[in-house]
Visitor: 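Following this message is one structure expressed as structure tokens.
We count residues from 1, following the sequence as given.
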Amino acid sequence: MDSRQHQENGAGAALEESSGKPTVCFLGPVSSYTHQATLDTFSSDKFDLIPVETIKDIFDTTQSGRADYGVVPFENSSNGSVVFTLDQFADRTGEYPDLSVCAEIYLDVHHCLLGHFSPSQPQSQSQEREIEVKHVKRVYSHPQAFGQCVKFLRKYLRGIETIDVSSTSKAAELAKADATGESAAISSSAAAKLLGLDVLARNIEDREDNTTRFFVLRRGLNSPSSDEKLEQVLTERRRRDINGGEGDVYSQTKSLASFTVPHRSPGALADVLECFRRARLNLTSINSRPSLVEPFQYVFFVEFEGHLFRDPEGRVQDVLKNVAGVAQSSRWLGSWDRMR
């Protein structure tokens with residue numbers, strides 16, 4: 001995708017003029033990986049795409065209704081869950097009572113080191129040529145990206161200052177702004193093209209199969225089928241990515257729920273997990289974040305197979321009811337089609 005296309009896709013960001021199209025907010029700036037994932041599902045001819053600065057902004061903007069949908073990074077295949085997103089799903093102060101997950105997006109992520117070639121360095125460089133980064137004194141990126149490029153950083157940039165920023169595309173902007181050429185960014189080739197940065201090294205991620213999964217948020221706890229434009233997008237995705245969604249609905253769909261348990265009650269966590277075994281629903285991941293109510297108490301998150309609104313045997317409804325009966329608190333956070 002060239003820089004002109006990126007600029008056109010991000011043109012609705014300012015919201016100065018309403019096009020009448022549904023709006024989708026994403027972690028910006030334009031050319032971020034979240035932006036690329038958003039474009040995979042929401043075409044710019046049917047939706048206005050709005051970059052925002054932080055993951056919290058995505059939740060806030062979607063909850064307030066300023067955007068119809070929001071796209072957030074949820075987990076990476078090599079660096080695990082995005083804790084900034086989990087913290088918003090924990091919703092400790094009740095800011096997001098109406099948000100739910102309605103879709104997932106997978107994006108293959110290949111990182112580049114972006115910056116400015118040193119004056120003595122050739123102005124073009126292939127992956128086979130020697131990597132020259134002696135002039136780099138600091139590297140900007142998102143914490144997740146740093147965690148996905150540990151081997152490269154240790155080999156070529158050991159001891160160099162690494163600075164966390166809100167997104168990889170923001171990192172690219174900061175590297176671009178440093179006229180000394182001493183700053184670099186872990187970001188994407190799309191960001192390099194958009195900003196006119198040099199690619200100092202390509203494919204610097206630790207694993208070739210590096211993949212990030214994103215969630216699509218919507219405001220509403222009812223079935224997405226009541227949202228005509230969203231349902232059209234989801235139907236197209238089923239045809240494209242999962243052959244129309246034929247087969248066992250439980251294995252081809254997923255849900256997310258959160259819960260808390262009494263911290264000092266023996267077996268309390270096991271009691272909740274037992275609900276899923278009895279319902280014959282496969283758990284696919286478990287995460288936790290501090291509750292911030294008391295030290296070392298947690299909000300737990302479970303992903304499991306099954307869909308609340310396509311539940312022919314009632315197993316998802318039953319498990320949510322049973323979890324609510326044994327947990328201290330619980331909440332359904334969404335259901336969607338499984339893309340992989």
Visitor: Strictly under 6.0 Å, is that where the ring centroids of Phe84 and His142 end up?
Guide: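 Ring centroids of Phe84 and His142 are less than 6.0 Å from each other.
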Visitor: Glu53: what forms a salt bridge (Lys or Arg N to Asp or Glu O under 4.0 Å) with it, not counting sequence neighbours?
Guide: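 Counting only residues at least two positions away or on another chain, Glu53 forms no salt bridge (Lys or Arg N to Asp or Glu O under 4.0 Å).
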Visitor: Please report whether the ring centroid of Phe214 lies less than 6.0 Å from that of Trp336.
Guide: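 No, too far apart.
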Visitor: When you measure from the side chain of Thr211 to the backbone N and O of Asp209, does any donor-acceptor pair fall under 3.5 Å?
Guide: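 Side chain of Thr211 to backbone of Asp209: a pair is present.
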Visitor: Identify, with sequence neighbours excluded, every residue that meets salt bridge (Lys or Arg N to Asp or Glu O under 4.0 Å) alongside Asp60.
Guide: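 For Asp60, the residues satisfying salt bridge (Lys or Arg N to Asp or Glu O under 4.0 Å) (neighbours in sequence not counted) are Lys56.
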Visitor: Centre-to-centre under 6.0 Å for His111 and Phe146, is that the case here?
Guide: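 Here the rings of Phe146 and His111 have centres that are no less than 6.0 Å from each other.
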Visitor: Got a sec, which residues hit side-chain hydrogen bond (donor to acceptor under 3.5 Å, both in side chains) with Asn322, two or more places apart in sequence or on another chain?
Guide: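 Asn322 satisfies side-chain hydrogen bond (donor to acceptor under 3.5 Å, both in side chains) with no residue once adjacent residues are dropped.
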Visitor: Sort and list the pairs that fulfil side-chain hydrogen bond (donor to acceptor under 3.5 Å, both in side chains) and have at least one residue in residues 291-304, not counting sequence neighbours.
Guide: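 Applying side-chain hydrogen bond (donor to acceptor under 3.5 Å, both in side chains) to every pair that reaches into residues 291-304, excluding sequence neighbours, yields Arg213-Glu303, Lys254-Glu303, Ser285-Glu303, Glu294-Gln297.
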Visitor: Each residue besides Ile163 in its hydrophobic cluster should be listed here, by chain and number; the cluster joins Ile, Leu, Val, Met, Phe, Trp and Tyr at side-chain heavy-atom distances under 4.5 Å.
Guide: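 Members alongside Ile163: Tyr140, Val165, Leu174.
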Visitor: Backbone N or O of Leu195 within a donor-acceptor pair of the Lys176 side chain at under 3.5 Å?
Guide: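 Confirmed, Lys176 side chain pairs with Leu195 backbone.
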Visitor: Ignoring hydrogens and angles, state whether a donor on the side chain of Ser329 or Thr260 is under 3.5 Å from an acceptor on the partner side chain.
Guide: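 There is such a pair (donor and acceptor under 3.5 Å, judged by atom type) between the side chains of Ser329 and Thr260.
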Visitor: How would you list all residue pairs meeting ring-ring contact (aromatic ring centres under 6.0 Å, His included) that involve residues 154-178, not counting sequence neighbours?
Guide: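 Output for this query lists Phe152-Tyr156.
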Visitor: Less than 6.0 angstrom from the centroid, inside 45 degrees of the normal: does Arg315 satisfy that with respect to the ring of Tyr250?
Guide: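 Arg315 over Tyr250 ring: yes.
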Visitor: Any side-chain heavy-atom pair from Leu27 and Val52 closer than 4.5 angstrom?
Guide: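 Side-chain contact under 4.5 Å: no.
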Visitor: Any donor-acceptor pair under 3.5 Å linking the side chain of Arg92 with the backbone of Pro290?
Guide: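 Here the side-chain-to-backbone pair exists.
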